[in-house]
Amino acid sequence: GELPKRPKGSDCKSAGSAFGGSNPSLATMNEYLREIAIKLAREAGELVFARREGQIEVAGTKSSDVDVVTKVDKESEQLLFSRLEELRPDDGFLGEEGREKNSKSGLTWVVDPIDGTVNYLYNLPHYSVSIAVVSGDPRPESWQVEAGVVYNPSTDEMFHAARSSGAFLNDRRLEIAVPPPLHLALLATGFAYSSVMREEQFRILSQLIGQLRDIRRMGTASLDLAAVAAGRVDLYFERTLSPWDHAAGELLVTEAGGSISGIGGLPVGREGILAGHPDLVAEFVEKLSNIGGDRSLAEIPGWEFDSKDVK
Ligand code: LIP
């Protein structure tokens, strides 16, 4: 299909604001960016899904032996990079597999070409293409996510959101439900590629599991955040994520009425991210702090040794 036409009068290049003075309305511009993200996520998703029919080759490892990159991750990132070059030449790019370009427009695309690479490698049908477009400095502590999509090509589920226009799963609007009490909450989480950090994460979770309904480790951070927005889990918590793991998912959560928080008073990002209904998030932040689950990464013994996990 055709790409959406740029809204009339839009000037994404104007100085100061990514969207320019009075037109178009913020929602219109963000919806336009979301349409591009949907279209490209589908293109990359189809490629990734089709390649899964063949043999998946590991192209290399990154931070540790278990942190793999397949040829398809690279191919998907290349596709997204070159399509955005054509469509949005002045926007910046930040991708998991190393593509980076500074923004001239004030907007940057933050892209994970396959989130859940280990699931992909094992043919577990729970991986995604995650695409966000952010304004401002493209770092989690300072960016504003304008639009985001998380697409699972195995289930053909397209989660999408534009800032101020709501979050959706395909055509269905998403809204965070009234939360259960914490002891009946289902928590999604994930583990780092660093073995030191995984052990620390496991230790913290072992102190929490008895006080929750249960825990899920599904293997794809962007889909965990989408699951919070869709009410498939009540909470999500993880540390040591990279920007592309959570950029799109965080907008899904906030547009569905949920909240995103850092831990230990630190900004959202590599140190930690928590998502869910605002009341439940506040309660969980306190619980984590009570068991020392929010000390900074630098304070975790052995972590420094393993800190090359920064991608
Ligand atoms: C992975 C996540 C996973 C998380 C890992 C990692 P990748 O991303 O989505 O859920 O626990 O730490 O970041 O490497 O598959 O793109």
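What you are looking at is a predicted structure, and each value in this text was computed from that prediction instead of being measured. Remember, it's 1-based here, ligands and their atoms both numbered in the order they're listed.
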*asked:* Would you say Asp115 and Thr220 are linked by a side-chain donor-acceptor pair, where the criterion is simply a distance under 3.5 Å?
replied: no

Note: heavy atom closest to atom 7 (P) of ligand 1, options Trp244, Tyr193, Tyr236, belongs to Tyr193

- Task: Would you check if Thr254 and Val145 make a side-chain contact, meaning some heavy-atom pair closer than 4.5 Å?
- Result: no

Mind telling me whether Phe191 and Phe202 have parallel, tilted or perpendicular rings, with 30° and 60° as the class edges?
tilted

Neighbour count >12 (heavy atoms, 6.0 Å) for atom CZ, Arg213: no

Discussion item. I want to know if ligand 1 touches Gly190 in the polar sense, i.e. an N/O pair below 3.5 angstrom.
Written reply: no

>> Hydrophobic clusters here meaning ILVMFWY residues chained together by side-chain heavy-atom distances under 4.5 Å, can you tell me if Ile204 and Leu297 are in one?
In response: no

- Task: Give yes or no for whether the N/O distance cutoff of 3.5 Å, strictly under, is met between Val118 and ligand 1.
- Result: no

With heavy atoms and a 4.0 Å threshold, my read on which part of Met218 contacts ligand 1 is neither

message = Below 3.5 Å, N or O to N or O, backbone or side chain included: is there any such pair between Leu241 and ligand 1?
response = no

Asp115 heavy atoms within 4.0 Å reach ligand 1 at atoms 1 (C), 2 (C), 7 (P), 8 (O), 9 (O), 15 (O), 16 (O)

Closer than 4.0 angstrom: is that true for some heavy atom of Ile114 and an atom of ligand 1?
yes

Does any N or O of ligand 1 fall below 3.5 Å from an N or O anywhere on Thr220, backbone included?
yes

If hydrophobic clusters are built by linking Ile, Leu, Val, Met, Phe, Trp and Tyr wherever their side-chain heavy atoms come under 4.5 Å apart, do Tyr32 and Val133 end up in the same one? yes

- Message: Below 3.5 Å, N or O to N or O, backbone or side chain included: is there any such pair between Asp112 and ligand 1?
- Response: yes

Look only at the side chain of Asn119 and the backbone of Met218, and say whether a donor-acceptor pair between them is shorter than 3.5 Å. yes

Among the heavy atoms of Arg217, does any lie under 4.0 Å from an atom of ligand 1?
yes

query = Counting distance only, does the side-chain N/O of Ser242 pair as donor-acceptor with the main-chain N or O of Asp245 below 3.5 Å?
reply = no

Side-chain donor-acceptor contacts of residues 165-190 below 3.5 Å, not counting sequence neighbours, with atom names and distances?
residue: Ser165; atom: OG; partner: Glu31; partner atom: OE2; Å: 2.7
residue: Asn170; atom: OD1; partner: Met158; partner atom: N; Å: 3.0
residue: Thr189; atom: OG1; partner: Phe237; partner atom: O; Å: 2.6

Ligand 1 to Gly116, heavy atom cutoff 4.0 Å, flagged ligand atoms 7 (P), 15 (O), 16 (O)

Heavy-atom proximity to atom 3 (C) of ligand 1, picking from Ser222, Gly219, Ser194, Ala188, points to Gly219

Here the atoms of ligand 1 under 4.0 Å from any heavy atom belonging to Phe191 are 5 (C), 11 (O), 12 (O)

